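Please read the structure below before turning to the comments.
Throughout, protein chains are lettered first and strands after them, A, B, ... in sequence-line order, and every chain is numbered starting at 1. Since this is a predicted model, take the numbers as computed values, not measurements.
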2 protein chains.
Amino acid sequence: MKTEAEALDMIGDHFRRARLAAGLTQEQVADLAGISRPRYRDVETGAAAARATTLINVARALGLEMMLVPQAMVPAIEALLSPQGEDDRPAFSPQAEGDDE
Amino acid sequence: MKTEAEALDMIGDHFRRARLAAGLTQEQVADLAGISRPRYRDVETGAAAARATTLINVARALGLEMMLVPQAMVPAIEALLSPQGEDDRPAFSPQAEGDDE
DNA sequence: AAAATTTGATCCGCAAACATATCTCAGTAG
DNA sequence: CTACTGAGATATGTTTGCGGATCAAATTTT
């Protein structure tokens with residue numbers, strides 16, 4: 001695995017930013033997402049490949065939403081989010097698709 | 001859990017659409033994503049809460065990308081994708097956040 | 001300073017995702 | 001009818017995410 005780990009790391013970084021911006025502790029977010037604190041920590045650090053439902057719950061606890069979009073549309077969406085400059089950082093870099101790896 | 005199952009179902013439906021649009025078999029996509037066919041089938045049917053890396057790989061195998069976006073921006077992004085009307089269907093409905101459940 | 005809070009990190013036990021193999025059924029082609 | 005392909009479904013065993021408890025380090029608060 002290669003890009004997968006990077007993706008997880010970017011997700012975790014995104015979550016951390018959103019959490020700090022919201023002024024929440026790890027435990028608070030973990031509780032909101034319905035997961036344990038050690039596990040939320042793993043998500044933030046990208047230590048583990050969390051389940052889809054876990055990521056969805058964490059995202060929603062932080063006011064975020066996971067979306068599936070065509071790779072070709074990613075730049076446009078990023079452009080749409082950047083100016084808003086809240087705390088939104090698109091999740092994954094669309095660096096070509098390595099298919100598997 | 002409630003909405004989680006729905007989200008998984010929507011993801012699976014999205015994948016299936018993209019797969020058929022690409023003219024690929026389940027086995028081909030599973031191979032591209034680096035997972036077994038029975039498991040990819042579970043993903044399509046929403047039977048299992050796949051891992052984050054699994055979803056990322058499947059998405060990329062289908063020319064899609066997963067993104068984390070502020071819930072407030074979801075409608076705008078959907079509007080951006082709708083006109084394209086290819087095979088893009090935003091993944092999850094942003095119906096408030098149930099936090100945990 | 002000490003005390004409280006937040007975070008990093010680890011272990012154990014359990015549940016679930018995962019691979020592999022196998023079987024069946026629907027559809028199409030021979 | 002038989003042969004082939006795509007897809008649904010199940011069984012077994014391995015891997016791993018997960019909760020809970022527990023520890024220490026870093027930060028903040030009094």
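When rounded to the nearest whole Å, the span between CZ of A:Arg41 and C1' of D:dC23 equals 13 Å. One atom, CG of A:Asp42, and another, P of D:dT16, lie 14 Å apart when rounded to the nearest Å. When rounded to the nearest whole Å, the span between CD of A:Glu27 and P of C:dG8 equals 13 Å. The nearest whole Å value for the distance from the CD1 atom in A:Ile35 to the P atom in D:dG19 is 6 Å. For the pair B:Leu20 CG and D:dG6 P, the computed distance is 13 Å after rounding to whole Å.
Taking only distance into account, the side chain of A:Arg37 meets the base of C:dG8 through a donor-acceptor pair shorter than 3.5 Å. Residue A:Arg39 places a side-chain atom within donor-acceptor reach of the base of D:dG19, judged by atom type and a 3.5 Å distance cut-off alone.
A donor-acceptor distance shorter than 3.5 angstrom exists from the side chain of A:Asn57 to the backbone of A:Thr53, with no hydrogens or angles considered. Not a single donor-acceptor pair under 3.5 Å links the side chain of A:Asp31 to the backbone N or O of A:Glu27.
Counting non-hydrogen atoms under 4.0 angstrom, B:Thr54 reaches the backbone sugars and phosphates but no base. Heavy atoms of B:Thr25 sit under 4.0 angstrom from primed sugar atoms or phosphate atoms, though from no base atom.
The C1' atoms of five pairs define one axis at each end of the helix from C:dA1-D:dT30 to C:dG30-D:dC1, and these two axes lie 40° apart (to 10°).
Partners of A:Arg16 according to the side chain to side chain donor-acceptor pair (under 3.5 Å) rule, which considers only residues two or more places apart in sequence or in another chain, are A:Glu44.
In the set D:dA7, C:dT7, C:dT10, D:dA7 carries the atom at the smallest distance from any side-chain atom of B:Gln26.
Between A:Met67 and A:Ile77, the closest side-chain pair of non-hydrogen atoms is not below 4.5 Å.
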